[in-house]
Amino acid sequence: MQAFLDQLIADGYFAGVPPQLVYAIAIVAAAAVVIFGFVLNVAGVTTFIERRVWARIQSRIGPNRVGPQGILQWLADGIKLLMKEELVPAAADATLFKLAPYVVVMGFVAAFVAMPFSSVLIAADLNLGILYITAVTSLVVVGILMAGWASNNKWSLIGGIRSAAQIVSYEIPAALSIFTIVLITGTLSMQSIIKAQGWAPWDWFLFYSPFTFVSFWILFTALLAEGNRTPFDLPEAESELVAGFVTEYSGARYLFFFLVEWGNLYVISAILVTLFLGGWQVPHVTDNPVLLNLLQFVTFFVKSYFGVILMMWIRATLPRIRVDQLMSTCWKYLVPMAFVNFVGTAVWVAIWPNGNRPVWIAMTVLGFALLFYFFYRVEFHRRRSGAELLFSPFS
Amino acid sequence: MSLAGFEVEVEQVGQQGLETEEMTLNMGPQHPSTHGVLRFVVKADGEVMRQAIPDVGYLHRSIEKIAEKVGWHGFMPYTDRVDYVAAMFCNQGWGMVSERLGDIAVPKRGEYCRVIAAELNRIASHLLSVGTMVLDIGAITPFFHAFREREKINDLIEQLCGARLTYNYMRIGGVAWDLPPDFIEKVTAFLDRFEPMLAEYHDLISVNKLYVERCAGVAVISPEEAVNYNLVGPNLRASGVRYDVRRDEPYSVYPELEFDVPVGAAEHGVLGDSYARYAIRIREMKESARILRQCFRQMPDGPVITKVPRKFKPPAGDAYIRVESARGDMGWYAVSDGTEYPYRCKVRTGSFAAMAIIDKVSQGLMLADLVTVIASLDIVAPEVDR
Amino acid sequence: MANPVSTYLRNIIDTATTVFEGMAVTCSHFIRKPSTVQYPDRVPLRVQDTLPFRYRGILEVDLEICTGCLACERACPIDCIVIGATKDKQTKQMILTRFDIDIAKCMYCGLCSEPCPTGSIHHTPEFEGADFSLESMIRRYVKEPVAAYKPKKVETDPVVAPILERGMRYLEEFAAPEGGAPAPGADEAESAA
């Protein structure tokens, strides 16, 4: 690529611009193309998978007509939205109204810059990786508030304000839980946190100590709230506010909000996987770097996607909580618990700087016992219902 | 400014020098979770409501006036549309009031067929009610599970009378058709699979802490208030008042059947709150299943309908009867002037009364609770407006 | 007055356990067969063939056995049946000139098929009536004026007999409001067929 750019400069393009700047801009442009390409496709396919997952939980089949098994449904929805008329309400604040989707998309895509897909596949290995991601995903609040206010619709306004209160409040338990991991590793860099873990479950920070186990669930809950997902999806509570802060949006602008919501699932899951579930770590099965990195990428993607499906499953199961209960959950339950975890982890790291191996292994065993108990309950419910079974996800 | 005929004032609420205004919101006829076309004008101070004024009439179809045109027999299909969710009770109400006026006795087997159809319909109606209640609160899955069971009931009733929603099953003097050949086996098989499904529903959503927190303690209606505001049915019983038309003013074959009348018991929360109204409906479904099984055991043989002339001319007079519909005590009042067309027909429905209490009970609640209240009172728009 | 600390802990534990149980229920649904019927192309049988006998679908008239008694027109509460029937002075026969059913107005209540003496007007299992024009909603069953059917003690016409038999069988199922007695002549027709 460098040779190509040198050729272009020699041919007289970019006259007067220093070559370093040209290289820098070219790299940024390439990264942007790759990231946008990846992100938009993942967000789109996630909408399709969500509908199929929900459908099976609800005893029905999801979309299965557009393309084989309905795999092109998201493309059809996207094209349909792009073809719609883009209305701007007459009394709406046009500038803010039009700007809001871009702010939201910016906040969301920028998080992918520091996302560690494998040991070399990371756009920028910032040494404040996790802090950067937390900061940048909060930009969506600005966009949502703008959307709610500029719509000139009382219901949208209520949705926007609720969302702002929610996201800002839940930053605190999220940050505190993240800092328990930072205490353990002593670094904010995403790659270093992953390298401090191993590929096996008994090397993951999830089971490091009882405090990190609880901290995982607090982070999970707080990030669900950050992403406006049920049980915290009041800002877009379908049955109350029609569509909350996106009520007045149509066409491509609505598509942006839509994509951000589903793409955010991936970001949330990636954060959880990096911090607690060992990231892209795989056993060293091959010396070939390309193959190893590919394996790491696949591992990271699969683990994150499992988190995404877990969040879709939670959305299908749980009702939404009311705004005052949301606030009391955050301030009265999650924040104190997060503080207790923080202090507990600090004490733990002070006593055992390299982690307490026996407790780590014991927590892993307990974790798997909980998983087996879960599947035992699943079998109990299946047996009691006496329903006909179908294991294949295809139909 | 005036909205739909009533004046709305913008109030300046001053709090330590900070001037705030109340918002007037329109939860309009088109809304995902008002159960049908209902409109509320909500005056809210931020998230807390000060008043929720109902505006009804969007689904008014002049059904009572139509009775005067189509005659006694011809009105039966129209009664389905008075409450299309629980249509068998409306059929039964009209049949009973016409029989009272014309002094006609329904054969025993006909009465049993009526009760079977009615109780099946009660289960279907309550499934819709609890399904949409949890949907409004945000849980999207139990809604589909409830409707899956409701579809099975619709299939059963389709075999019984040929239609899935607007049944027109009953006639003046009895019912139109006897039970089809293997109906009893099919319904029993359904009931055997239905009770485990209710247990699963219970585990999924009824005891879910988030759901309980949303419903418990919301919109508490005391027994005195419930009686004063004319609430009926599950709404009344959830507040602790033990009144069920099937027990207190028995009709049809209910005196021969053994069943309990569920009354609110504050399992989670307070007596008379939204959770109690929800829990009562679940228990009523179990009681209906019990009644159905008894009916199958006790049904005698015989005709299902008494012969009533084509030109039915009841003697002049009026009659008022009550049926215990899924939504409570439904009253049917008919006036006859001796011709084959009723002089006046009037329906008194439980949902109309429940609309009145919403304004009273929603003061001080949050916006999200308004949806809970409407859903827990099981208001359906066709009943409100007829 | 419950201990606030124990209430606090109780809340946390309740939330965790009920959410766990709820997730177990929905997980058990992943492996169950969906209840969707993929109408109209991925069904084993045509849906119309699976409907029960009493299903009240779109109305149909067998003009060969219509007696022109106008009982259905009188019984219809919504005036969707329009029949033109005149008594011919010379032949003393009822001539049917018009038999229109507006299936858009019809509310599928079944009140018309009950008083029919021969089962001529009956419900079919057809329910797919959607079309692009309002005109096609009116089904016209009389192409040119025909004589109405005169019910006989024993029906011998080979064309009419099976139609009459079907009609009578239909009527048996749809008990007339007069208590279930079918029209006179049916018993003999049944035993003859």
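Since this is a predicted model, take the numbers as computed values, not measurements. Proteins come first, then strands; the chains are lettered A, B, ... in the order of their sequence lines, and each starts at number 1. Reckoned from all heavy atoms, side chains included, excluding hydrogens, waters and symmetry mates.
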Exceeds 12 heavy-atom contacts within 6.0 angstrom, atom [atom1] of [X]:
| X | atom1 | answer |
| --- | --- | --- |
| B:Glu185 | CD | yes |
| A:Lys80 | NZ | yes |
| A:Trp149 | CH2 | no |

Using every non-hydrogen atom in the two residues, find where [X] and [Y] come nearest and quote the distance to one decimal.
| X | Y | result |
| --- | --- | --- |
| A:Arg320 | B:Asp136 | NH1-O, 3.7 Å |
| A:Arg322 | B:Ala368 | CG-CB, 3.6 Å |
| A:Pro231 | B:Leu210 | CB-CD2, 3.9 Å |

Working to the nearest 0.5 Å, report the span between [atom1] of [X] and [atom2] of [Y].
| X | Y | atom1 | atom2 | result |
| --- | --- | --- | --- | --- |
| A:Leu318 | B:Ile205 | CG | CD1 | 7.5 Å |
| A:Ser59 | B:Glu149 | OG | CD | 8.5 Å |
| A:Arg60 | B:His145 | CZ | NE2 | 10.0 Å |

Does the side chain of [Y] come within less than 4.5 Å of [X]'s, by heavy atoms?
| X | Y | answer |
| --- | --- | --- |
| B:Lys209 | A:Ile321 | no |
| B:Arg148 | A:Gln58 | no |
| B:Val134 | A:Pro319 | no |

Using non-hydrogen atoms only, which part of [X] is less than 4.5 Å away from chain A: side chain, backbone, both, or neither?
| X | result |
| --- | --- |
| B:Met366 | side chain |
| B:Val218 | side chain |
| B:Ala199 | both |

Next on the checklist: Can a donor-acceptor pair be found, under 3.5 Å and without considering hydrogens, that links the side chain of B:Glu200 to the backbone of A:Ser385?
Outcome noted: no

Checklist entry - When you check the gap from the basic side-chain N to the acidic O, do A:Arg377 and B:Asp203 get nearer than 4.0 Å? => result no

